[in-house]
Amino acid sequence: MKPFLALAIFAFCAVSGQAQSQRPVQTFATSDGPVKITPIYHASTLIKAGGKVIYVDPARLLDFTGLPAGDLILITDIHTDHMDPANIAKLSKTGTKIIAAPSVLQTVSTAEPISNGQTTKWDKWIIEATPAYNIVRGPEPGKLFHDKGRGNGYILTYGGTRFYFSGDTENIPELRSLKNIDVAFICMSERTTMTPEEAVEAVLAFHPKVAIPYHYRTADLSIFKKKLEGSGVEVRVLDWYPKDQAPPEQSPKS
């Protein structure tokens, strides 16, 4: 290898690894020890607890350099901003378990399916699959971006603390009726899921202790934060779109 090329590769890896380590890690205390959650990009998320590594929705065209292989990978939907076979392979190791909505198995055949309403256990985690779907939004009349039953949200319970990842959903009845959620990751996208106002309505209905917007693209998060002031819900706004992770421009799927 030429010296210049070797130096360039080393520099890229060093910068990428440094950028990954600077992400805004959120630490939550539980009865089984801390859970550390790190935003990667859009809906892609890293979770660490009890010496285990979990990824939620490792998406297409993202750089996971410097991040550890996963013990568990959870996938909510078939769209490429939620799953990518190549990155799933990069983040996998011997023994990695993949749990996904049944529709994902057409692309990721090694995944274990879990449907809306089902519950499973992995290590010290309880994993509940919740509905995530559109009511009115779609690419054309008579079609929806996310059909009912196709995708999942997840409630992940560790040490008695319940973390909710909404996946791609509108303000559906099943969302508003959630119970005892400690930390909620709430999607927004005016075109495909929820406006900030609709997300506020949902959050006020099920009242998590902490609400963290994700999957929000260009949504005005100041609206979300302002309307939840005084509600008793702590809002944490994180940067899910760091420039070092921005993939090439492509039409948003969700």
Side-chain angles (χ1 to χ4, degrees), residues 17 19-59 62-77 81-84 87-93 95-101 104 108 111-112 114 119-130 132 151-169 178 180-187 208-216 234 236-242 245:
Q20 299 287 13
S21 66
Q22 291 175 347
R23 301 196 183 288
V25 180
Q26 303 296 295
T27 302
F28 302 93
T30 81
S31 62
D32 281 334
V35 172
K36 296 185 177 183
I37 301 180
T38 305
I40 298 174
Y41 194 88
H42 188 56
S44 298
T45 310
L46 168 64
I47 303 172
K48 293 183 177 180
K52 302 292 186 180
V53 174
I54 301 171
Y55 287 96
V56 181
D57 287 347
L62 297 186
D63 176 20
F64 290 91
T65 302
L67 294 178
D71 297 290
L72 173 67
I73 297 174
L74 296 168
I75 305 169
T76 63
D77 192 58
D81 61 335
H82 294 272
M83 67 115 188
D84 175 59
N87 273 331
I88 290 169
K90 289 178 183 177
L91 293 173
S92 295
K93 60 183 179 180
T96 297
K97 189 177 185 102
I98 303 170
I99 297 176
V104 171
V108 185
E112 176 183 303
I114 184 170
T119 299
T120 189
K121 292 188 70 175
W122 177 83
D123 194 56
K124 294 182 178 180
W125 292 85
I126 299 172
I127 301 165
E128 304 171 57
T130 63
N152 290 336
Y154 292 112
I155 299 172
L156 310 178
T157 302
Y158 183 90
T161 301
R162 288 161 60 81
F163 302 88
Y164 171 64
F165 291 83
S166 71
D168 283 343
T169 189
L178 291 172
N180 303 316
I181 301 298
D182 293 291
V183 183
F185 291 81
I186 299 292
C187 69
K209 293 178 182 176
V210 177
I212 300 176
Y214 82 145
H215 188 290
Y216 54 76
E234 178 189 349
R236 299 188 188 182
V237 174
L238 309 179
D239 182 10
W240 290 83
Y241 299 90
Q245 269 290 356

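Note that the structure is predicted; figures quoted are calculated from it, not measured.
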Worksheet item: Looking only at atom types and distance, does a side-chain atom of Asp182 sit under 3.5 Å from a main-chain N or O of Phe163, one as donor and one as acceptor?
Response: no
Practice prompt. Return yes if some donor-acceptor pair links the side-chain N/O of Thr76 with the main-chain N/O of Gly151 below 3.5 Å, else return no.
Written response: no
Considering only heavy atoms from C-beta outward, does the side chain of [X] approach that of [Y] to under 4.5 Å?
{"X": "Lys90", "Y": "Phe64", "value": "no"}
{"X": "Trp125", "Y": "Ile54", "value": "yes"}
{"X": "Tyr41", "Y": "Trp240", "value": "no"}
{"X": "Thr169", "Y": "Cys187", "value": "yes"}
{"X": "Leu72", "Y": "Ile127", "value": "yes"}
{"X": "Ile114", "Y": "Tyr154", "value": "yes"}

Nearest-0.5 Å distance that lies between atom [atom1] in [X] and atom [atom2] in [Y]:
{"X": "Leu67", "Y": "Tyr55", "atom1": "CG", "atom2": "OH", "answer": "4.0 Å"}
{"X": "Glu112", "Y": "Leu74", "atom1": "CD", "atom2": "CG", "answer": "10.5 Å"}
{"X": "Ile88", "Y": "Ile75", "atom1": "CD1", "atom2": "CD1", "answer": "3.5 Å"}
{"X": "Thr157", "Y": "Glu128", "atom1": "OG1", "atom2": "CD", "answer": "5.5 Å"}
{"X": "Ile73", "Y": "Lys97", "atom1": "CD1", "atom2": "NZ", "answer": "12.5 Å"}
{"X": "Thr119", "Y": "Ile155", "atom1": "OG1", "atom2": "CD1", "answer": "8.5 Å"}

Worksheet entry | Crowding at NZ, Lys93 (>12 non-hydrogen neighbours, <6.0 Å) | yes
Item to complete: Apply side-chain contact (heavy atoms from CB on, under 4.5 Å) to Arg236 and Val183, showing your working.
Response: CA-CA 10 Å; Arg236 299 188 188 182; Val183 183; over 6 Å; no
If you look at every heavy atom in [X] and [Y], which pair is closest and at what distance?
{"X": "Ser31", "Y": "Gly159", "answer": "OG-O, 2.7 Å"}
{"X": "Leu62", "Y": "Asn87", "answer": "O-ND2, 3.4 Å"}
{"X": "Thr27", "Y": "Pro34", "answer": "CG2-CB, 3.9 Å"}
{"X": "Ser92", "Y": "Ile98", "answer": "OG-CD1, 4.5 Å"}
{"X": "Ser44", "Y": "Ala59", "answer": "OG-N, 3.2 Å"}

Worksheet item: Can His215 and His82 be said to form a side-chain contact (heavy atoms from CB on, under 4.5 Å), step by step?
Response: CA-CA 10 Å; His215 188 290; His82 294 272; 3.5 Å; yes
Practice prompt. Check the pair Thr161 / Val35 against side-chain contact (heavy atoms from CB on, under 4.5 Å), numbers first and verdict last.
Written response: CA-CA 9 Å; Thr161 301; Val35 172; over 6 Å; no
Practice prompt. Kindly indicate, with the supporting measurements, whether the criterion side-chain contact (heavy atoms from CB on, under 4.5 Å) is fulfilled by Asp123 and Asp71.
Written response: CA-CA 10 Å; Asp123 194 56; Asp71 297 290; over 6 Å; no
Worksheet entry | ring-ring contact (aromatic ring centres under 6.0 Å, His included) between Tyr164 and Phe185, worked out | CA-CA 6 Å; Tyr164 171 64; Phe185 291 81; 9.1 Å; no
Worksheet item: Asp63 and Thr65: side-chain hydrogen bond (donor to acceptor under 3.5 Å, both in side chains), yes or no, with the steps?
Response: CA-CA 6 Å; Asp63 176 20; Thr65 302; 2.4 Å; yes
Worksheet item: Between Tyr214 and Phe165, what is the ring plane arrangement, given parallel below 30°, perpendicular above 60°, and tilted in between?
Response: perpendicular
